[in-house]
2 protein chains.
Amino acid sequence: MNLSPKIENFVLHCGEMGSRWGFNRTIGQMVGLLVINEKPLTANEIADALKISRGNVSMGIKELQSWQLAKVHHIPGDRKEYYSPNGSIWDLANKVFEERRKREIDPTLTLLRDQILDNANSAEEKYAQEQMQSIHDLLETVTKWSAELQRLSPEQLQTLMKLGSSVGKVIDLKDKLLRK
Amino acid sequence: MNLSPKIENFVLHCGEMGSRWGFNRTIGQMVGLLVINEKPLTANEIADALKISRGNVSMGIKELQSWQLAKVHHIPGDRKEYYSPNGSIWDLANKVFEERRKREIDPTLTLLRDQILDNANSAEEKYAQEQMQSIHDLLETVTKWSAELQRLSPEQLQTLMKLGSSVGKVIDLKDKLLRK
DNA sequence: TTAAACTTTCAGTAATTATTGAAAGTTTAA
DNA sequence: TTAAACTTTCAATAATTACTGAAAGTTTAA
């Protein structure tokens, strides 16, 4: 498979961004490749396009699936598995967001909950616990908020996103309404 | 410097989370250590507490400063530099959020803007460009939105965060008001 | 059953990233 | 000036992470 320069450029960029997005270069390239190809690809086509080993593709696919970013298709009479992105661009971004929340926030929240229950044995520990409490509260707010976003309908989300600079006004509005 | 088990536990956890938060283990530990200590620390105290070399601390501090997470204090008559977190827990989270946006989103947005201007030479490129356009639009929305959040006052943010499950209702309300 | 057509696994190795510690740099006080 | 008290730099190396490719595993058709 020969990628056009424009497409290759995009795929390589996804690779470079990969580790920043939470995976590694190869996984990043794979996401890019799948997203930019209308037709599902076989593992061999992926290996060929990205010039990586078949085994690496296999591991990459496993990882992609753990992020719920890829899904498998079968073509009748064809034994190969065909891979494509698991949903729209928006869906994928959502999946990454969710998965990262699980990996970046949840473990800390668990730790902090335990630590806060203990009682402090010194002035330092007292201060430490206050700080941990602040972090805990912050992370809990973020978690709740992100769950909330997940629950909104796509239309509501669109509206919310498009609110842009008027979001402040809406908050003020809400404030006033609630006070009455 | 001897850390109490509870505090050490927290610092080690920050280290383990470090790479998920966008830096590495040592930087993670340094953030944890600074946040949990009421008094600013010297580079030597940090090296001692984390059992790492003085040179590593120096590089870590540089990195922390590039994220704007630490600030320096001076004590009259004392030549050493003292480090402490650059703001409240909330401020720090904001800084990390902003910095990550810059590293994870901005470069892609730049690339996509260029790519979309080119015209497609084939059906594949046409599809590819449509996808790139979708990603571009998504990232632009996220960027605008995050700029918006930065601009809100802490009070407004608090209100927004506390909206929780009623955020959907507020959006619908806003929708109705606008339509009249 | 066998074998063809595929996928997965994993030990060995390559590539990348992080750390040390010694040397060089900087600042201040005497 | 000198030297003491600090910080930074960076080449060498350690630690971690990613990749290959051969072998093992799985599925299906005949």
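In what follows, chains carry the letters A, B, and so on, assigned in the order in which the sequence lines appear, proteins first and then strands, with residues in each chain numbered from 1. Quantities reported herein were computed from a predicted structural model and do not represent experimental measurements.
Here D:dC6 presents its C1' atom at 11 Å from NE2 of B:H74, a figure rounded to the nearest Å. One interatomic measurement links the two molecules: CD1 of B:I46 to C1' of C:dT19, which rounds to 16 Å at whole-angstrom precision. Distance CD (B:E63) to C1' (C:dT17): 12 Å, rounded to an integer number of Å. The separation between B:E45 atom CD and D:dT7 atom C1' is 16 Å, rounded to whole Å. Atom-to-atom, CE of B:M59 to P of D:dT9 comes out at 10 Å; the value is rounded to the nearest Å. Atom CZ of B:R54 and atom C1' of C:dA23 are 15 Å apart (whole Å). Rounded to whole angstrom, the span from the CG atom of A:N44 across to the P atom of C:dA5 amounts to 13 Å. Atom CD1 in B:I27 sits about 16 Å away from atom C1' in D:dT16, given to the nearest Å.
For the ring pair (Phe, Tyr, Trp, His ring centres under 6.0 Å) test, no residue two or more places apart in sequence or in another chain qualifies with A:W21.
In terms of position on DNA chain D, the residue among B:G55 and A:G55 whose nearest nucleotide sits closer to the 5' end is B:G55. Residue whose closest nucleotide on DNA chain C sits further toward the 5' end, between B:T26 and A:K62: A:K62. Residue-to-nucleotide proximity on DNA chain C shows that, of B:N24 and A:I61, the 5′-proximal contact is made by A:I61.
The two atoms that bring A:C14 and A:G32 nearest to each other are SG-CA, 3.7 Å, heavy atoms only.
The side chain of B:R25 lies closest to C:dT19 when the candidates are C:dT7, D:dC19, C:dT19. Among D:dC19, D:dT8, C:dT19, the nucleotide with an atom closest to any side-chain atom of B:N56 is C:dT19. For B:K80, counting side-chain heavy atoms from C-beta on, the closest listed nucleotide (D:dT7, C:dT19, D:dC6) is D:dC6.
The residues B:E38 and A:K126 are annotated as not salt-bridged, no charged nitrogen and carboxylate oxygen being separated by less than 4.0 angstrom. Using a 4.0 Å cut-off between a side-chain N of Lys or Arg and a carboxylate O of Asp or Glu, A:E98 and A:R101 qualify as a salt bridge.
For the helix from C:dT1-D:dA30 to C:dA30-D:dT1, the terminal axes (five pairs an end, C1' atoms, rotation from four pairs onto the next four) enclose an angle of 10°, given to 10 degrees.
Neither side chain, B:S134 nor B:D137, offers a donor N or O lying under 3.5 Å from an acceptor on the other.
Atoms NZ and CG, from B:K144 and B:L149 in turn, are 14.5 Å apart once rounded to the nearest 0.5 Å.
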| request: Run the numbers on A:F10 and B:L112 for side-chain contact (heavy atoms from CB on, under 4.5 Å), then give the verdict. | output: CA-CA 8 Å; A:F10 172 77; B:L112 291 177; 3.9 Å; yes

| said: Applying side-chain contact (heavy atoms from CB on, under 4.5 Å) to B:F97 and A:V142, what does each step give before you reach the verdict? | reply: CA-CA 12 Å; B:F97 187 72; A:V142 173; over 6 Å; no

Give every pair of a protein N or O atom and an N or O atom of nucleotides 25-30 of chain D that lie under 3.5 Å apart, one pair per line with the distance.
residue, atom, partner, partner atom, Å
D:dT27, O2, A:R79, NH2, 2.9
D:dT28, O2, A:R79, NH2, 3.1

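Remark: the backbone N or O of B:N121 is paired with a side-chain donor or acceptor of B:E125 at under 3.5 angstrom.
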